[in-house]
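A quick write-up on the structure given underneath.
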Amino acid sequence: MREIVVEGITKKFSNRKVLDNVSFHVNRGEIHGFLGPNGAGKTTTMRIIAGLLRPDAGKVTIEGVDHSVKRDLTHNHLGFLLEDPPLYRDMSVYEYLYFVGSLKKVPANKLKANIDYCIEVLDLSAVMKRSIENLSKGFKQRVGIAQALVHMPRILILDEPTVGLDPQSVVEIRNLILNLKKEHTVILSSHLLHEMSLVCDQVTIISDGKILETGSIEQLRYKLAGKLNIQLSTLKQTQDFDQYLKSLPGLISLEKKKNDEAMVYHIVHDGQTEIRTALLKNALELGCDPIGLEQKQYNLEEIFMRITEGKK
Amino acid sequence: MIFLIMKKELKSFFRSPLGYVVTGLFCLVVGWMFMHQLDYFINNVQKVPVHMRNHYDFTNEVIIKLFSNVNFLLLFITPILGMRSFSEEYRDRTIELYFSSPISDFEIIIGKYLGLLLQGFFFLSMTFIYPLVLSNLEITDISFLITGYIGLFLNFSCYAVISIFASSLSTNQILSALGGFVLILGIWITGWFGQSSSNYLLAQILNFVSVNFHFTHLLKGTIHFSDLAFYFSFICFGILLTKKRLEARFW
């Protein structure tokens, strides 16, 4: 079910078009990664989804309700952490979460349980009575995530939630986000592409205010390189085998290069037919002495680089 | 929700060192002014023949001047108190907590405004000690005291709404305080022009939009409906301007 639908949003700041006809959707219960270089329009899109900005054109619907028109209906469905956490430095962690929960009109009896939950999952118990001013950057970031969660929204928007965190905390936050997936829909933006590939079900890549690609990592991988991206290593090179490779039905591209003693063939195939067994068999029969065959897959970083560079 | 925001504003004031510094300075300056006025009055009375001493009205010479001096100090203090209201929230992005909550802009402004009014009441309460000290002398007119304090509080209410509006214009607190000061000073200057204008109609208009013109009536111990209507309209207009400013985030 489509929980958030962004339809053709355009936003200008002083005649500079920051977003240009941006459309994508986020399904309920999924973690949706939002990727793009600095200044691509990620935060502006997230601010529009959060209801902090209004688009010049287009609309955002949350469960079918136009968010820009009926914000009252959608307010409490959303929790967000955008850029720097919005913290009152003179408050203690507990007091701050209580204040934010009260602002969101969480009933007093439920609020205490919500705060306890946030403190537990974000490991804030050691600092809950400390003034926010005296917390480390990592803990401030955790408190920022806690405020987004304190009213138990169905949708969470997290812009760079792991900024400033140590590697252990990054793993903890990753696990937390994966746990949240059970009951929440998450829109996540981060430059840690490896982390994104571990948690995201779908990704949207944006650059210069335009959506370049949207879909699952698998779909993008296929779109970019075809289904099969094979690297075959042989000890010998024969003209017959080269001829065989060039005549392969469904071949998208073929590259070969000498690597030490071996010859490495880089074959991109449309994947409509299974060719790996035939490749090995023909390499043996045509006297190439195959020593290795591996299926290469683009990781998210390579996908991101190829898509953003390809559109420049 | 208004009460929640008001409480948060008050807590924030009493936790901030700035609040205590400003309070301390205010008490010091008002105390010095009061002592100076009292000293001046006593010295003059002693020099005046006994049969003429009634001309030296204690209320006029000490109490009303004390109120005028406090009013003058509020010109500087209110923008400092109000500068944090929105500037700090914008700077720290905490304003987004309000904007993403199921509360109206009006509730946010009123909550912050009431918080600031209570801070103003706290400041004015610091001066209660002076009439109290003199109460045993039975030389002050209690009605002047009541209307004087009402006037001071209403003036503060106007300065506060201007300061809150100025605070909503900038993320820089110093600029907000400066903006608030200039706007309040503008209202004062309007009154001075009103007093010196030879054009009757213009003078009436300028006087009417000046808070000090209405304050003068209250200092004289009289409460006119038109004065109260002016203060009420002024505050409503200030709140409306601030509301429009907050709505500008969607422009």
Side-chain angles (χ1 to χ4, degrees), chain A residues 11-14 43 46-56 67-92 95-106 108 111 131-133 140 143-144 147-148 150-151 153 155 157 159, chain B residues 1-22 81 83-112 114-116 119 167-168 171 173 243-251:
Chain A
K11 183 75 187 170
K12 280 182 187 171
F13 289 129
S14 323
T43 303
M46 287 175 144
R47 293 175 81 81
I48 289 173
I49 297 172
L52 297 173
L53 283 176
R54 259 183 212 160
D56 297 329
H67 185 44
S68 55
V69 179
K70 294 184 175 175
R71 280 195 312 138
D72 290 352
L73 293 178
T74 50
H75 253 140
N76 274 8
H77 297 342
L78 288 160
F80 56 81
L81 170 65
L82 299 175
E83 297 176 322
D84 299 325
L87 304 173
Y88 289 113
R89 290 160 215 281
D90 58 341
M91 289 184 182
S92 72
E95 192 184 0
Y96 170 71
L97 293 178
Y98 195 89
F99 176 72
V100 176
S102 305
L103 269 186
K104 307 280 180 187
K105 294 187 177 170
V106 180
L111 181 54
S131 169
I132 291 174
E133 192 168 24
K140 282 181 183 161
V143 177
Q147 66 77 26
V150 75
H151 57 297
I155 300 162
I157 302 171
D159 190 6
Chain B
M1 212 40 65
I2 290 173
F3 180 71
L4 180 80
I5 298 169
M6 185 191 83
K7 208 168 86 177
K8 184 238 145 209
E9 290 295 309
L10 272 181
K11 272 189 181 174
S12 176
F13 170 73
F14 284 110
R15 275 175 181 162
S16 144
L18 180 80
Y20 292 100
V21 170
V22 177
L81 293 179
M83 69 182 181
R84 299 176 67 187
S85 298
F86 282 103
S87 292
E88 201 174 48
E89 304 266 14
Y90 274 116
R91 190 198 63 194
D92 295 342
R93 292 185 174 276
T94 45
I95 194 75
E96 289 171 359
L97 294 174
Y98 294 102
F99 290 159
S100 62
S101 298
I103 50 171
S104 66
D105 292 351
F106 184 72
E107 284 177 291
I108 302 169
I109 298 164
I110 295 293
K112 285 184 170 290
L114 290 180
L116 191 52
Q119 290 170 36
S167 165
S168 71
T171 54
Q173 291 187 41
K243 191 171 178 295
K244 288 285 166 203
R245 168 64 187 99
L246 294 193
E247 283 168 3
R249 68 186 184 275
F250 293 126
W251 294 354

Handout entry: Check: B:D92 and A:L87 side chains under 4.5 Å, non-hydrogen atoms
Key = no

Exercise for the section: For the pair B:K8 (side chain) and A:F99 (backbone), establish whether a donor and an acceptor sit closer than 3.5 Å, ignoring hydrogens and angles. Expected result: no

Problem - Pick from B:S104, B:S16, B:S12 with the largest number of heavy-atom pairs that fall under 4.5 Å of chain A - result: B:S12

Completion exercise
Rounding to 0.5 Å, atoms NZ (B:K11) and CE (A:M91) come to a distance of 7.0 Å

Practice task
Measure the spacing between CZ of A:R89 and CZ of B:R15 and express it to the nearest 0.5 Å.
Solution key: 14.5 Å

Handout entry: Spatial distance of atom OG (B:S100) from atom CZ (A:F80) [nearest 0.5 Å]
Key = 3.5 Å

Completion exercise
Note: B:I103 and A:K105 closest approach over all heavy atoms is CG2-CE, 4.1 Å

Handout entry: Minimum heavy-atom distance A:L103-B:I5, with the two atoms named
Key = CD2-CG1, 4.4 Å

Problem - More than 12 heavy atoms from other groups under 6.0 Å of CZ on A:F13 - result: yes

Handout entry: B:Y90, OH: over 12 other non-hydrogen atoms inside 6.0 angstrom
Key = yes

Handout entry: Separation between OG1 of B:T94 and OH of A:Y96, rounded to the nearest 0.5 Å
Key = 8.0 Å

Handout entry: B:K7 atom NZ, over 12 foreign heavy atoms within 6.0 Å
Key = no

Exercise for the section: Nearest 0.5 Å please: distance from the CD atom of B:E88 over to the CG atom of A:D90. Expected result: 7.5 Å

Handout entry: Where B:L97 and A:K104 come nearest, the two heavy atoms and their spacing
Key = O-NZ, 4.0 Å

